[in-house]
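Report on the structure given below.
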Amino acid sequence: MEKTINLTLKIWRQNGPKEKGRFETYKVNNISTDSSFLEMMDILNEQLINENKEPVAFDHDCREGICGMCSLYINGRPHGPDDDVTTCQLHMRKFKDGETVTIEPWRAAAFPVIKDLIVDRNAFDKIIAAGGYVSVSTGGVPDANAIPISKIDADESMDSASCIGCGACVAACKNSSAMLFVSAKVSQLALLPQGRVEAKRRAKAMVAKMDELGFGGCTNTGACEVECPKNISITNIARLNREYLKARFAE
Amino acid sequence: MSVLNARIPEGPLAQKWTNYKDHQKLVNPANKRKLDVIIVGTGLAGASAAASLGEMGFNVKNFTIQDSPRRAHSIAAQGGINAAKNYPNDGDSVFRLFYDTIKGGDYRAREANVYRLAEVSNSIIDQCVAQGVPFAREYGGLLDNRSFGGAQVSRTFYAKGQTGQQLLLGAYQALMRQVNAGTVKMYTRTELVDIVIVDGKARGIIARDLVTGELQRHFGHAVVLATGGYGNAFFLSTNAMGSNGSAAVKAFHKGAFFANPCMAQIHPTCIPVHGEFQSKLTLMSESLRNDGRIWVPAKKEDAEAIRAGKLKPTQIAEEDRDYYLERRYPAFGNLVPRDVASRAAKERCDAGYGVGTGLAVYLDFKSSIERLGKNVIEARYGNLFQMYEKIVDENPYETPMMIYPAIHYTMGGIWVDYELQTTIPGLFAAGEANFSDHGANRLGASALMQGLADGYFVLPYTIQNYLADDIRTPRMSTEEKEFVEAEKAVKSRFEKLMSIKGNRSVDSLHKELGLVMWDFVGMGRNKKGLQHAIERIAEIKKEFWSNVRIPGDIKGMNIELEKANRLADFIEIGDLMARDALNREESCGGHFREEYQTGEGEALRQDDKFAFVSCWQYKGDDAEPVLHKENLVYESVKMVQRNYK
Amino acid sequence: MSNFLTASIGRKFIMSISGLFLMMFICVHLGINLLLIFDDSGNLFNQGAHFMATNPLIKVMEPLLGLGFIIHIIWSFLLSYQNYKARPVGYAQSNASYSSTWASRNMLILGALVLVFLVLHIMNFFWKIKVSGDPLLEHVLVNGEHMENTYALVSDLFINSAVYGIIYILGGILLGLHLGHGFWSSFQTLGLANKVWLARLQFVGKIFAVMVALGFSIIPLYFLIKF
């Protein structure tokens with residue numbers, strides 16, 4: 001039943017945003033394969049604290065795959081060697097005894113490192129602030145059932161809306177492009193009559209902000225879709241392209 | 001007469017909120033720009049309040065400890081949000097939602113607040129749909145509903161198993177729209193470390209930039225705490241790792257009363273603990289109880305064989321299974337309220353019928369899959385099943401899930417009056433951070449409702465009633481002595497923490513506290529255990545302040561320091577919870593005193609002695625807190641023993 | 001509002017439109033070229049080449065084609081540079097092949113190799129036909145019409161040089177790889193894909209790429225084997 005493994009960890013350490021980083025190697029022993037990856041990191045940190053060393057800083061919060069906070073690039077893949085999971089949902093049964101595990105932060109000009117494995121993903125908020133909403137204020141809205149919405153559209157909108165904003169798409173993309181993130185929000189709202197009203201303005205504003213913040217462009221490698229923990233489809237990117245081009249040609 | 005005034009408006013229950021709004025004071029648009037409102041927290045309550053107040057024209061400063069407002073733990077709520085829309089035509093109404101919530105809370109909530117909650121519930125759904133929240137729909141294009149624990153109608157709106165996420169993103173987007181418009185200034189990775197009181201009123205906060213470690217002073221004409229619950233006092237809970245009770249403790253220290261601290265909800269359907277290094281418990285939505293049946297083996301020898309790995313649950317014949325909720329509560333079956341379901345699971349496991357490690361029961365979908373087909377179950381719960389499989393490495397379509405209760409939500413919190421104002425003028429509390437609406441037990445799908453009700457539809461009114469008197473108060477300089485002194489006190493606290501340089505990690509101490517809390521202030525409490533807990537917590541407190549080890553520097557990002565600062569507050573909350581539990585000599589909702597139960601093991605309230613809200617006042621670090629009582633008066637409902645049979 | 005031609009999606013739009021245009025050219029080019037292997041007398045191919053050289057529509061298209069190439073190339077560098085800038089620090093360990101194909105990640109390299117081949121190809125044929133001339137091109141009479149013996153120029157190269165034959169085969173394969181990603185990608189960029197059509201376009205793209213690669217490779221192979 002319970003199995004334990006020993007691992008060598010190669011972890012990116014960086015004291016601050018402007019400091020130079022480097023890899024450090026640590027060993028952890030007797031890790032239960034039923035533990036989550038972040039529990040393994042907790043064990044490492046407990047070990048480091050007991051040795052009076054500074055623990056490894058990494059982002060995490062809900063530990064159930066929904067807040068989008070955890071963001072480790074493990075063995076060459078965002079969120080590590082499992083599909084459709086966030087780092088916190090990755091379990092140690094995916095690793096072999098004696099393995100060396102390389103852990104890096106997300107790498108993108110738009111996501112600068114704050115400390116160790118923590119990056120600043122404020123750029124995503126800025127993109128949403130540029131137009132990722134329906135411009136309604138509190139109160140004075142029609143009854144919820146006033147506008148019927150086809151179940152198919154509602155379901156597809158929900159699929160797009162399930163993005164957790166973790167940034168794995170940016171981390172996976174060779175161009176550090178945020179197109180999957182942007183397209184998921186544009187699609188969610190474009191599919192609903194409530195969001196349709198300002199669809200043109202939204203697509204233009206969000207893409208312009210994304211470009212301004214230094215994300216790369218999409219070259220359709222599809223890596224984002226494969227690494228997305230929530231399975232957001234690149235058909236959203238096609239829809240964003242469509243919405244954006246329509247909006248630009250309508251100018 | 002107690003020092004507490006709940007300021008409940010006059011008139012019949014159904015008219016109170018209308019009366020209040022008709023007669024409250026308002027602030028004119030030109031004056032709104034001159035008024036600063038600080039909102040701490042960006043969950044459902046915080047984000048919705050910040051967005052709404054920003055839209056109205058107030059100058060809002062919004063703080064979050066996360067890297068983005070969208071990370072707040074409201075995002076993890078799975079099941080749904082209640083509203084009295086009665087779309088399914090199954091007999092729902094505002095009164096029925098109110099009644100179910102009061103009853104579900106075991107008659108320990110304030111009637112007027114709960115009625116208002118039910119009253120505004122419908123507006124929340126309208127608002128969210130207008131924002132583009134993709135709620136589940138029927139083929140006809142109208143909104144779908146499902147049923148939830150503690151109710152006999154289907155009034156829960158949902159967005160797959162990610163309702164909290166969708167509602168939070170709706171509020172977050174509304175908030176970011178205001179950030180873009182310049183009415184809200186966002187402070188991310190910034191933590192409230194103290195509240196500044198000037199002339200008896202809350203006038204600002206001291207915040208700590210978690211990236212640089214620097215302290216900041218912020219002025220506000222009013223301060224709103226929407227900082228969530230304190231369930232992480234138990235170390236293991238379904239709360240996020242960063243969820244904490246520190247803001248509540250700061251308010252408590254500055255004179256706000258802490259209400260019903262012992263009332264913590266233990267959620268029945270969480271993935272069981274697997275080992276000592278576990279950091280977090282994962283919730284499986286209560287909605288699973290709609291189609292899943294809970295059971296344990298009827299024979300002890302079968303349970304033992306399962307624990308030894310000699311038998312599989314699928315090998316247990318139907319007649320050898322004990323569907324104990326259906327057996328004990330035929331009327332509600334698997335849909336009894338959370339406190340009842342949790343205690344029933346504990347009862348079976350304590351009696352030796354538990355599976356897995358012995359602390360688990362089964363949640364079985366076999367009969368639903370046979371009845372509805374795998375596709376339907378997958379459409380309803382696919383993401384939850386996937387989540388379970390990733391964690392446990394078992395396929396819930398083929399073998400039953402294992403679940404066990406875990407700490408989930410705290411009904412207790414900062415005491416607020418009808419206007420959501422604490423005992424400190426100008427300091428408001430919203431969402432889980434306040435105590436107001438759930439009494440001794442919260443019903444499923446009611447937390448989302450309350451958070452958004454407070455933020456969208458209650459605070460934007462009530463805070464104006466306070467601010468209307470403040471239109472002539474100019475913005476205060478943060479060089480005033482109250483700000484300087486508050487910052488100095490905070491600085492010395494952090495320096496003190498850094499100077500301890502002991503031998504114990506923050507987590508090891510937190511785990512120790514969590515075990516004490518779970519064993520003695522958990523699902524079953526008794527006098528002896530609680531007294532022991534108070535002693536143990538005092539020891540942990542001493543150990544913490546003399547032996548905690550925080551590596552790194554006070555400047556720059558220091559996560560251990562953040563954690564230590566929060567743990568110091570959790571220790572205080574733990575003490576307060578134990579004291580409150582000891583004081584409340586009755587069983588109600590999530591608070592179960594073993595001395596007070598019926599012959600059948602159900603919670604036994606003592607209405608003649610404890611029909612009040614326990615409100616604790618801080619009297620200094622070395623003094624015991626003082627208890628005040630807000631008596632609960634029920635005009636529209638009769639207090640009866642809850643019956644889900 | 002940002003400039004459309006330098007906006008991320010605008011840049012891709014240019015790549016997509018120019019790419020689709022070049023693909024159309026490739027279809028025509030391949031069609032004419034295949035005439036090489038259906039008539040060893042060379043008459044059929046010469047007629048095809050003559051038609052292409054004299055048809056007014058084609059004459060109009062020729063400079064447009066050149067422009068298409070230039071735009072496609074310039075924008076590819078512009079785009080790649082901007083994408084390169086988006087990740088100043090790379091990963092120490094990257095398992096990119098798990099989530100994307102090599103061709104999709106290396107379109108610039110594939111494109112550059114195709115460009116090298118293109119230059120060679122222009123020097124071999126286009127330059128000689130249009131500018132410098134070549135003794136092999138001496139006019140022949142087909143169906144009563146005088147025309148350059150383009151067939152002689154092409155067949156001579158492949159019959160006499162196995163190296164060129166192999167280079168041309170490689171060129172065909174490179175182009176196929178480039179189009180294997182480029183075909184569906186250009187539709188995706190124009191927003192002409194959804195859940196159903198994405199898979200269809202990817203499938204059609206694969207077939208198209210294989211046909212182009214095979215079609216262009218088969219010609220030198222035919223001469224290598226037959227003569």
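Proteins get letters first, then strands, A, B, ... in listed order; numbering begins at 1 in each.
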Handout entry: pair A:R121-B:S68: side-chain heavy atoms closer than 4.5 Å
Key = no

Exercise for the section: With sequence neighbours left out, write down each residue that passes salt bridge (charged side-chain N to carboxylate O under 4.0 Å, His left out) with A:E212, or none if nothing qualifies. Expected result: A:K209

Problem - Region of B:Q386 that comes under 4.5 Å of a non-hydrogen atom in chain A - result: side chain

Practice task
Give, for atom CD of A:E54 and atom CG of B:D553, the distance between the pair rounded to the nearest 0.5 Å.
Solution key: 8.0 Å

Problem - Any A:L90 side-chain heavy atom under 4.5 Å of B:K390 side chain - result: no

Completion exercise
Expected contact set for residues 46-53 of chain A against chain B at heavy-atom separation under 4.5 Å reads A:E46, A:I49, A:N50, A:E51, A:N52, A:K53

Completion exercise
Within residues 128-138 of chain B, the residues sitting under 4.5 Å from chain A by heavy atom, in sequence order, are B:V129, B:A130, B:Q131, B:G132, B:P134, B:F135, B:R137, B:E138

Exercise for the section: Compare every heavy atom of A:A144 with every heavy atom of B:D126, then report the nearest pair and how far apart it is. Expected result: OD1-N, 2.8 Å

Problem - side-chain contact (heavy atoms from CB on, under 4.5 Å) between B:K160 and A:D159, intermediate numbers included - result: CA-CA 9 Å; B:K160 270 198 173 167; A:D159 287 342; 3.0 Å; yes

Problem - Within 6.0 angstrom of A:Y26 OH, more than 12 heavy atoms from elsewhere - result: yes

Problem - pair A:D120-B:D67: side-chain heavy atoms closer than 4.5 Å - result: no

Exercise for the section: For chain B, find which of A:I147, A:N15, A:I43 contributes the most heavy-atom pairs closer than 4.5 angstrom. Expected result: A:I43

Handout entry: Atom group of A:D42 that falls short of 4.5 Å from chain B, counting heavy atoms
Key = side chain

Exercise for the section: Please flag which part of A:I114 lies under 4.5 Å from any non-hydrogen atom of chain B: side chain, backbone, both or neither. Expected result: side chain

Handout entry: Least distance between heavy atoms, B:Q127 atom then A:G139 atom
Key = OE1-N, 2.9 Å

Completion exercise
Honestly, the part of B:K85 sitting under 4.5 Å from a heavy atom of chain A is side chain

Practice task
Heavy-atom pairs under 4.5 Å with chain A are the metric here; pick the option from B:R549, B:H73, B:Q162 that has the most.
Solution key: B:R549

Problem - CE-NZ distance between B:M176 and A:K126, expressed to the nearest 0.5 angstrom - result: 9.5 Å

Problem - Carboxylate-amine/guanidinium contact A:D61 B:R71, below 4.0 Å - result: no

Problem - Side-chain heavy atoms of A:Y133 within contact of B:N180, under 4.5 Å - result: yes

Problem - Side-chain heavy-atom pair B:M241, A:L38 within 4.5 angstrom cut-off - result: no

Exercise for the section: Please answer whether the main-chain N or O of A:A161 pairs with a side-chain N or O of B:Q166 as donor and acceptor at a distance below 3.5 Å. Expected result: yes

Practice task
Assess whether atom NZ of B:K511 is packed by more than 12 heavy atoms of other residues, nucleotides or ligands within 6.0 Å.
Solution key: yes

Practice task
Sort B:V506 into side chain, backbone, both or neither according to what part of it lies under 4.5 angstrom from a heavy atom of chain A.
Solution key: neither

Completion exercise
Okay, A:V136 and chain B: the region with an atom under 4.5 Å from a heavy atom over there is both

Exercise for the section: Identify the two heavy atoms, one from B:G140 and one from A:P148, that lie closest to each other, and give their separation to 0.1 Å. Expected result: O-CB, 4.0 Å

Fill in the blank from the handout: Within residues 185-197 of chain A, contacts to chain B at heavy-atom distances under 4.5 Å involve A:K185, A:Q188, A:L189, A:L192, A:Q194

Problem - Ion pair A:D125/B:R70, N-O distance below 4.0 Å - result: no

Exercise for the section: Grab the two heavy atoms, one from A:G132 and one from B:Q173, that are nearest each other, plus how far apart they are. Expected result: O-CG, 3.0 Å

Problem - Nearest-0.5 Å distance, OG of residue A:S162 to CG of residue B:N383 - result: 8.5 Å

Exercise for the section: Pick one of side chain, backbone, both or neither for A:N231, based on which atoms fall under 4.5 Å of a heavy atom in chain B. Expected result: neither

Completion exercise
The reported gap from OG1 in A:T138 to CD1 in B:I124 (rounded to nearest 0.5 angstrom) is 11.0 Å

Problem - Enclosure of A:I152 CD1 (heavy-atom neighbours >12, cutoff 6.0 Å) - result: no

Completion exercise
If you tally heavy-atom pairs under 4.5 Å between each of B:D507, B:D393, B:I125, B:T282 and chain A, the highest tally belongs to B:D393

Problem - B:D144/A:K151 salt bridge by N-O under 4.0 Å criterion - result: no

Problem - Part of A:V119 lying under 4.5 Å from any heavy atom of chain B - result: backbone

Practice task
Heavy atoms only: give me the nearest A:F124-B:Y172 pair and the separation to one decimal.
Solution key: O-OH, 4.2 Å

Fill in the blank from the handout: If you tally heavy-atom pairs under 4.5 Å between each of A:P55, A:C62, A:P17 and chain B, the highest tally belongs to A:C62

Handout entry: Whether B:K280 side chain and A:E64 backbone form a donor-acceptor pair below 3.5 Å
Key = no

Fill in the blank from the handout: Rounding to 0.5 Å, atoms CG (B:L142) and CD1 (A:I149) come to a distance of 10.0 Å

Completion exercise
CD1 (B:I391) and SG (A:C88) are apart, to the nearest 0.5 Å, by 8.0 Å

Practice task
Against chain B, label A:S160 side chain, backbone, both or neither, depending on which of its atoms sit under 4.5 Å from a heavy atom there.
Solution key: neither

Exercise for the section: Side chain from CB out, backbone as N, CA, C, O: work out which of these in A:I164 comes under 4.5 Å of a heavy atom of chain B, or both, or neither. Expected result: both

Handout entry: salt_bridge(A:D59, B:R189) N-O dist < 4.0 Å
Key = yes

Practice task
May I ask you to name which of A:G165, A:A154, A:S35 has the most heavy-atom pairs under 4.5 Å with chain B?
Solution key: A:G165

Problem - Toward chain A, the part of B:L281 with a non-hydrogen atom under 4.5 Å - result: backbone

Practice task
Could you look at A:D82 and say if it's the side chain, the backbone, both or neither that has a heavy atom under 4.5 Å from chain B?
Solution key: side chain

Handout entry: Side chain, backbone, both or neither of B:S52 within contact of chain A (heavy atoms, under 4.5 Å)
Key = both

Fill in the blank from the handout: chain B shares the most heavy-atom pairs under 4.5 Å, among A:P142, A:A146, A:S150, with A:P142

Problem - Residue part contacting chain A, namely of B:I559, when any heavy atom lies under 4.5 Å - result: side chain

Problem - Heavy-atom check, side chain of B:R177 versus side chain of A:S135, under 4.5 Å - result: yes

Handout entry: Winner by heavy-atom pair count (cut-off under 4.5 Å) against chain A, out of B:Q178, B:R504, B:Q278
Key = B:Q278

Exercise for the section: Between chain B and each of A:G68, A:S157, A:S36, count heavy-atom pairs under 4.5 Å; write down the option with the most. Expected result: A:G68

Exercise for the section: Could you give me the CA-CA distance, side-chain angles and deciding distance for B:H274 and A:E39, then say whether side chain to side chain donor-acceptor pair (under 3.5 Å) is met? Expected result: CA-CA 12 Å; B:H274 71 78; A:E39 281 161 6; 3.1 Å; yes

Completion exercise
Checked A:C67, A:G16, A:G140 vs chain B; the most non-hydrogen pairs under 4.5 Å come from A:C67

